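Worksheet for the structure shown next.
For reference, positions follow the sequence shown, starting with 1. Just so it is clear, the model here is predicted, and its values are computed rather than measured.
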Amino acid sequence: QIEQQEDGTIRIVTSPEIVERARYQLQRYLEENRNSPPPPIIVQHSSFPSLLPTLVLIGSLAFFFMITGPWRPGAFWFEAGANDADAILDGGQWYRLVTSLTLHADFSHLAGNCLIGAILIYFFLQINGVGFGLLAILLSGSAGNLINILAHGGDHLSVGFSTAIFSIIGMLSMYQMIEQRQPFGIRLFVPFMAGAALLAMLGSSGERTDLGSHLFGLLAGLIFGLLIAARPVKQLRHSSFMQILFFILAVSWLLFSWNSAFTVKMG
């Protein structure tokens with residue numbers, strides 16, 4: 001029998017025959033629950049504004065396509081900035097790894113990258129911030145382009161932001177596995193489903209479809225996902241100074257790459 005006392009304490013009344021047994025059970029209960037309830041776990045979710053940066057990035061790709069037009073023989077922009085294996089490996093024109101990400105072969109490729117890419121970029125920048133995220137996208141996309149030309153060699157040519165899109169898929173998936181501690185959660189497959197949707201829009205075959213750039217972009221994204229999940233690196237996300245610095249580096253790298261393309265082409 002349990003009685004509530006006037007001072008707020010609780011009194012347990014039992015028969016003399018089982019008093020020792022009751023005392024033993026009570027002692028065991030107190031020992032097993034001495035740390036109960038556990039202290040609340042405070043999970044800090046970093047979230048950065050990402051809607052406007054995403055719209056600006058996607059809008060910039062669309063606007064640039066209006067300037068360059070689709071891929072056609074002799075087009076200045078594509079001759080100057082396409083991911084050309086010979087020009088990069090033999091001619092040292094490494095800037096093409098970046099400039100090719102901003103070019104699109106046709107409107108369908110642009111539309112696919114903008115529609116699916118906007119969703120992925122939004123969540124990626126929300127997690128990592130604009131500066132950190134943009135630089136990671138350029139680095140992983142460029143790495144995917146490099147792996148692609150190393151794998152193909154010869155006179156292989158490719159353009160498109162889809163390499164960077166698939167690298168984002170890889171980085172988001174690695175984030176889900178490492179930081180969210182859900183290696184087999186359903187959300188792990190969401191980025192891959194977005195990639196499947198992009199492939200469905202672009203097609204998996206044809207002369208203007210480069211599956212290698214998608215595969216190697218994904219591979220580069222998985223590798224960079226491991227790098228940006230390292231504690232010293234991910235702590236940089238929370239520094240406003242570093243976010244600004246990374247943003248300046250990313251934009252400067254892109255502008256420098258196109259300036260180098262113009263200089264080589266016009267020279």
Establish whether Phe123 and Leu218 are linked, either directly or via other cluster members, by ILVMFWY side-chain heavy-atom contacts under 4.5 Å. no

Given side-chain contact (heavy atoms from CB on, under 4.5 Å), test Ile127 with Tyr175 step by step and report yes or no. CA-CA 9 Å; Ile127 295 170; Tyr175 169 84; 3.6 Å; yes

Pairwise distance CG(Leu135) to CE(Met242) - rounded to 0.5 angstrom: 9.5 Å

Residue pair Phe124 / Gly133: nearest heavy atoms and the distance that separates them: CE2-O, 3.4 Å

Let me confirm one number: the CG-OG distance from Leu57 to Ser50, rounded to the nearest 0.5 Å. 11.5 Å

Would you check, one step at a time, whether the test side-chain contact (heavy atoms from CB on, under 4.5 Å) holds for His104 with Val159? CA-CA 6 Å; His104 288 88; Val159 295; 5.8 Å; no

For residues Ile149 and Phe166: do they belong to one hydrophobic cluster (side chain heavy atoms under 4.5 Å, members Ile, Leu, Val, Met, Phe, Trp, Tyr)? no

In terms of hydrophobic clusters joined by side-chain contacts under 4.5 Å, are Leu254 and Leu110 together? yes

Looking only at heavy atoms, the pair that brings Thr54 and Leu125 closest together is OG1-CD1, 4.0 Å

Heavy atoms of Val130 and Pro53 approach each other most closely as CG2-CG, 3.4 Å

Can you see whether Thr102 engages Trp258 through a side-chain donor-acceptor pair at a distance of less than 3.5 angstrom? yes

d(Phe63 CZ, Thr68 OG1) to nearest 0.5 Å is 10.5 Å

Hey, what's the ring geometry for Phe78 with Trp71, parallel, tilted or perpendicular (30° and 60° as the breaks)? parallel

Polar side-chain atom of Ser239 near backbone of Leu236 as donor-acceptor pair, under 3.5 Å: no

Hey, does Trp77 have a side-chain heavy atom less than 4.5 Å from the side chain of Thr99? no

Tell me whether Val233 is reachable from Ile137 by hopping between hydrophobic residues (I, L, V, M, F, W, Y) whose side-chain heavy atoms are closer than 4.5 Å. yes

Can you tell me which residue among Leu103, Leu157, Leu146, Leu97 is in a side-chain contact (heavy atoms from CB on, under 4.5 Å) with Asn83? Leu97

Residue pair Ser213 / Asn148, side-chain donor-acceptor N/O under 3.5 Å: no

Would you kindly say whether Asn128 and Arg237 are connected by a side-chain donor-acceptor distance under 3.5 Å? yes

Contacts table for residues 259-267: side-chain donor-acceptor under 3.5 angstrom, sequence neighbours left out:
from   : atom 1 : to     : atom 2 : distance (Å)
Ser260 : OG     : Phe256 : O      : 2.9
Thr263 : OG1    : Asn259 : O      : 2.8
Lys265 : NZ     : Glu79  : OE1    : 2.5

Any side-chain heavy atom of Met174 within less than 4.5 Å of one from Phe224? no

So, for Met171 and Ser140, which heavy atoms are closest and what is the spacing to 0.1 Å? CE-OG, 3.3 Å

Between the side chain of Arg96 and the main-chain N/O of Asp84, is any donor-acceptor distance below 3.5 Å? no

State, yes or no, whether a side-chain contact exists between Phe132 and Ile228 at a heavy-atom distance under 4.5 Å. yes

Could you check whether any side-chain N or O of Gln93 sits under 3.5 Å from a backbone N or O of Ile88, counting only pairs where one atom can act as donor and the other as acceptor? no

With no hydrogens and no angle check, just 3.5 Å: does a side-chain donor-acceptor pair link His109 and Asn113? no

Check whether any side-chain N or O of Ser252 sits under 3.5 Å from a backbone N or O of Leu249 as a donor-acceptor pair, and report yes or no. no

Derivation and outcome, side-chain contact (heavy atoms from CB on, under 4.5 Å), residues Phe161 and Ile121: CA-CA 12 Å; Phe161 196 68; Ile121 292 170; 3.9 Å; yes

Show the numbers, then the answer: is there a side-chain contact (heavy atoms from CB on, under 4.5 Å) between Asn145 and Ser100? CA-CA 9 Å; Asn145 277 337; Ser100 59; 3.1 Å; yes

Is there a side-chain contact between Val251 and Leu255 in this structure, where contact means two heavy atoms from C-beta onward sitting under 4.5 Å apart? yes

Hydrophobic cluster identity match, Ile119 and Leu134, side-chain contacts under 4.5 Å: no

Strictly distance-based, threshold 3.5 Å: is any side-chain N or O of Arg72 a donor or acceptor partner for the main-chain N or O of Pro70? yes

Atom OH of Tyr122 and atom CD1 of Ile58: how far apart are they, to the nearest 0.5 Å? 14.0 Å

So OG1 of Thr163 and CZ of Phe216: to nearest 0.5 Å the spacing works out to 11.0 Å

More than 12 heavy atoms from other groups under 6.0 Å of CG on Asp155: no

What are the two closest non-hydrogen atoms of Ser142 and Val98, and how far apart are they? OG-CG2, 3.4 Å

For Phe64, does the CZ atom sit with more than 12 other heavy atoms under 6.0 Å from it, leaving out its own atoms? yes

Closest heavy-atom pair and its distance - Lys234, His238: O-CD2, 4.0 Å

Output for pair (Leu222 CG, Ile169 CD1), nearest 0.5 Å, gives 10.0 Å

